[in-house]
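Report on the structure given below.
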Amino acid sequence: MRCQPLILFLSAFSYKNVDYCHCPRSLFVLLDIPKQPQSHFRFAHSQCSSQSQSHHFPLHSSLFSLVEPIICQNPAEISSFAAVFNFLTGRNLLRLGRQVHAQMTLRLVEPNAFLGAKMIAMYASSGDLDTAVTIFDRINNPSLLLYNSIIRAYSLYGYPHKTIGIYTQMQSLGLQGDHFTYPFVLKCCASNVWMGKCIHGISLRIGLEIDMYVGTSLIDMYVKCGEISEAHKLFNGMIVRDISSWNALIAGYMKNGEIYVAEDLFKRMVRRNIISWTAMISGYTQNGLAERALDVFDKMMEEDSEVKPNWVTIMSVLPACAHSAALERGRKIHKFANEIGLGSNVSVQTALVAMYAKCGSLVEAHQCFDKIHQQKRNLIAWNTMITAYASHGHGLESVSTFEDMIRVGVQPDTITFTGLLSGCSHSGLVDLGLKYFHCMTKSYFVEPEVQHYACVVDLLGRAGRLVEANNLINQMPMQAGPSVWGALLAACRKHRNLELAEAAAKKLFVLEPDNSGNFVLLSNMYAEVGMWKEVDNLRAMLKNRGMRKTPGCSWIEINGKAHMFLGGDTSHPQAKEIYMFLKELPEKIKGVGYVPDTSLVLHDVSEEEKEHNLSAHSEKLAIAFGLLNTSPGVVLRVTKNLRICVDCHTATKFISKIYGREIIVRDVNRFHHFFDGKCSCGDYW
DNA sequence: CTAGGGTTAG
């Protein structure tokens, strides 16, 4: 094989699309390796340092034999090596890169600033920042290009201090930085407006603010520092505006909760790309408007055929399905993701696991997790699966998944333990949970945080060990947050400890003054023991603060369409049938042992809600609607915005028995699988 | 070179 064309080819291919027709056949081996999306940067980092490295690079020796002739024929050619490193950049081929590097060293090729920059780019993109830094340190006559590549590396790895340090060092050498430097330096000012403003000033002084990339980076910087008006000012003053400048501003307004401004900007855009659409979709999701997110996704698919959804788009729309428990929608998007070749993207797969779990289909969630290639299973993927099991009350599976994760050498983090501990508490695995809690620092190097304490308070509390739970709160090394007191309050409700409940509620009224749920819970406890004066006091407090009890709301998806019910709702077209069904229900299930729990009827907060008697609870309406509109054997999946009430829980158990149905209810904090008269929570929720 | 991003407790 002649080598010069190969070098030319490699360098050309690294920059632009190349006409494939003239390539030697063997080169297709090289061509088949896609450039990795940038996120692999971060993950490659941890993957490469784990022991399973060798599985990543099965192609190395054959690839190396392709690259070798170039090196052999031009042993001292800096440009040959530069072309090869350039090609390897972004392809996650660390070992091959190291082989080339070794050959280079053997042939006594000393890298200059140009070659050094290419090497740094290769190492940084393959997850080996340390080597990139070493190379940088050894180059004697650094150039702007060299500085840019190390700044890029540091900034993408998320080391703001290092980036700024190198940038300062560069300045002290008299190198100003160019339009390639500033986007990366600005990325590091995300939470430091002061620094951002300094860099902004410098870029103005050297006349870079007219650069599109620098301009957009400045907008993004101000957005990330929470100074949206500053960002908008910059946007207005920009001479050359790009789609990305609009996108950055739209995303900023969405993050700031100013949806209308974002919508207006989006409407005013002359041209939109996939990022504009994705910004809208994820913006809606972030602001809790899942339905709108799904609508925008559909609209994009209908109206804008130019635009092609990518993995970020899919990842942004799946949480919207999860949020609204739209299982059918989620399945469709899953199919679509497979069609456009995103089926083996870890991030998409992880989003799928979460979506299926949150839509109540633990089976499909697990199937998706299984399909994630062993080596690609990163921290987030494991966390998602552990949390999925936890929310479905499969504590033992949470634990065994956690142990698998440890076995394959993935280091757990704080979220892993919240998942694991909540799994233990949802399943009543008190001792196991306590064991993990007590050894998490020593064995796994994860320091307990507030949310872990909340899980353990919940764990002890559900089991009735209220005094221990309370003691734990007193021993906490940090301030107990709302989640901790909330867990204690819920436990006190379950085990009827009014004294502790009052203490917990008192804290919560201060910590969460807008959460009516705490008032309602305590009021229900007073009512249970007939302390009506206290009930009245709490009602008055609610009223004074202008709050109302959050109305109960449930929905069920049938044939891909969501049907929503409020407590006592009569507005549904089939309301008559539903109420007829519910009227006859108690008599039917009394036959198999149902005893209505009417205690809660008396405790509704406001008078007008008294009419919403037990049979009209929103979850019952949804279940009745489901039974009336599906064929026998179909699984019913109901989602509720609050916790399921005791009577509905009991009734649903009996319904599952006499109708032979599997009914899956997602309430605010967990899943209940009803089947054959039993619930997966074991009445432990 | 810039813009969009999957996992968190009651």
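Just so it is clear: chains get the letters A, B, ... in the order the sequence lines come, proteins before strands, and each one is counted from 1. Because the structure is a prediction, the values reported are computed rather than measured.
Rounded to a whole Å, the CZ atom of A:R377 is 21 Å from the P atom of B:dG6. Note: OH (A:Y213) to C1' (B:dA3) measures 11 Å, nearest angstrom. Taking atom CG on A:L249 and atom C1' on B:dG4, their separation rounds to 14 Å, with Å as the unit. Rounding to whole angstrom units, CZ of residue A:F369 and C1' of B:dT7 are separated by 12 Å. In this structure, A:K494 atom NZ and B:dG10 atom C1' are separated by 14 Å, rounded to whole Å. Protein atom CH2 of A:W246 is 22 Å distant from nucleotide atom P of B:dT2, rounded to whole Å. Counting to the nearest Å, the C1' atom of B:dG5 and the CG atom of A:N287 are 15 Å from each other. Here the P atom of nucleotide B:dT7 and the CE atom of A:M315 are 8 Å apart, to the nearest Å.
Here the side chain of A:A487 is nearest to one of B:dG5, B:dG10, B:dT7, namely B:dG10. Considering only side-chain atoms of A:S217, the nucleotide from B:dA3, B:dA9, B:dT2 that sits closest is B:dT2. Checking B:dA9, B:dG5, B:dG6 against every side-chain atom of A:V346, the shortest atom distance belongs to B:dG6. Comparing atom distances between the A:K187 side chain and each of B:dG6, B:dG5, B:dA3 picks out B:dA3 as nearest. Here the nucleotide nearest the side chain of A:A354, chosen from B:dG4, B:dG10, B:dT7, is B:dT7. Relative to the side chain of A:T216, the nucleotides B:dT2, B:dC1, B:dG10 differ in distance, and B:dT2 lies closest. Residue A:E512 has its side chain nearest to B:dG10 when only B:dG10, B:dG4, B:dA3 are considered.
In terms of phosphate contacts, A:R462 brings a side-chain nitrogen or oxygen within less than 4.0 Å of OP1 or OP2 of B:dG10. At B:dT8, one or more side-chain N or O atoms of A:K358 fall inside 4.0 Å of OP1 or OP2 (strictly under the cut-off). Listed pair A:H426 / B:dG10 meets the phosphate criterion, a side-chain N or O lying under 4.0 Å from OP1 or OP2. Note on A:K255: a side-chain N or O is less than 4.0 Å away from OP1 or OP2 of B:dG5. In this structure, A:S282 reaches the B:dG5 phosphate: one of its side-chain N or O atoms is under 4.0 Å from OP1 or OP2.
Counting atom types as modelled, A:N310 pairs a side-chain N or O with a base atom of B:dG4 as donor and acceptor under 3.5 Å. In the interface, the side chain of A:S244 is paired with the base of B:dT2 through a donor and an acceptor atom under 3.5 Å apart. Counting atom types as modelled, A:Q286 pairs no side-chain N or O with a base atom of B:dG4 as donor and acceptor under 3.5 Å. Contact of A:T350 with B:dG6 (side chain to base): a donor-acceptor pair of N or O atoms is detected under 3.5 Å. Residue-to-nucleotide contacts include no donor-acceptor pair under 3.5 Å from the side chain of A:D242 to the base of B:dA3.
At a threshold of 4.0 angstrom between heavy atoms, the contacts of A:N273 include nucleobase atoms, whether or not backbone atoms are also involved. Using a 4.0 Å heavy-atom criterion, one finds that A:L508 contacts the bases of the nucleic acid, with or without backbone contacts as well. Within 4.0 Å (heavy atoms only), A:F184 reaches sugar-phosphate atoms of the nucleic acid but no base atom. The residue A:R241 sits apart from the nucleic acid: no heavy atom pair falls under 4.0 Å.
The aromatic ring centres of A:Y213 and A:Y182 sit 6.0 Å or more apart.
The side chain to side chain contact (heavy atoms under 4.5 Å, CB included) search around A:S155 returns A:T163, A:F184, A:K187, A:C188, not counting sequence neighbours. Listed by chain and residue number, A:I228, A:E258 satisfy the side chain to side chain contact (heavy atoms under 4.5 Å, CB included) test with A:N256 (two or more places apart in sequence, or in another chain).
Taking the six-membered ring where tryptophan is involved, the planes of A:Y389 and A:H366 are tilted, since the angle between them lies from 30° to 60°. Using the six-membered ring where Trp is involved, A:Y436 and A:Y444 have ring planes that are tilted, between 30° and 60° apart.
Proximity of A:K640 to A:H672: side-chain heavy atoms (C-beta onward) are nowhere separated by under 4.5 Å.
In the model, A:T313 has a side-chain atom that pairs as donor or acceptor with a side-chain atom of A:N310 under 3.5 Å.
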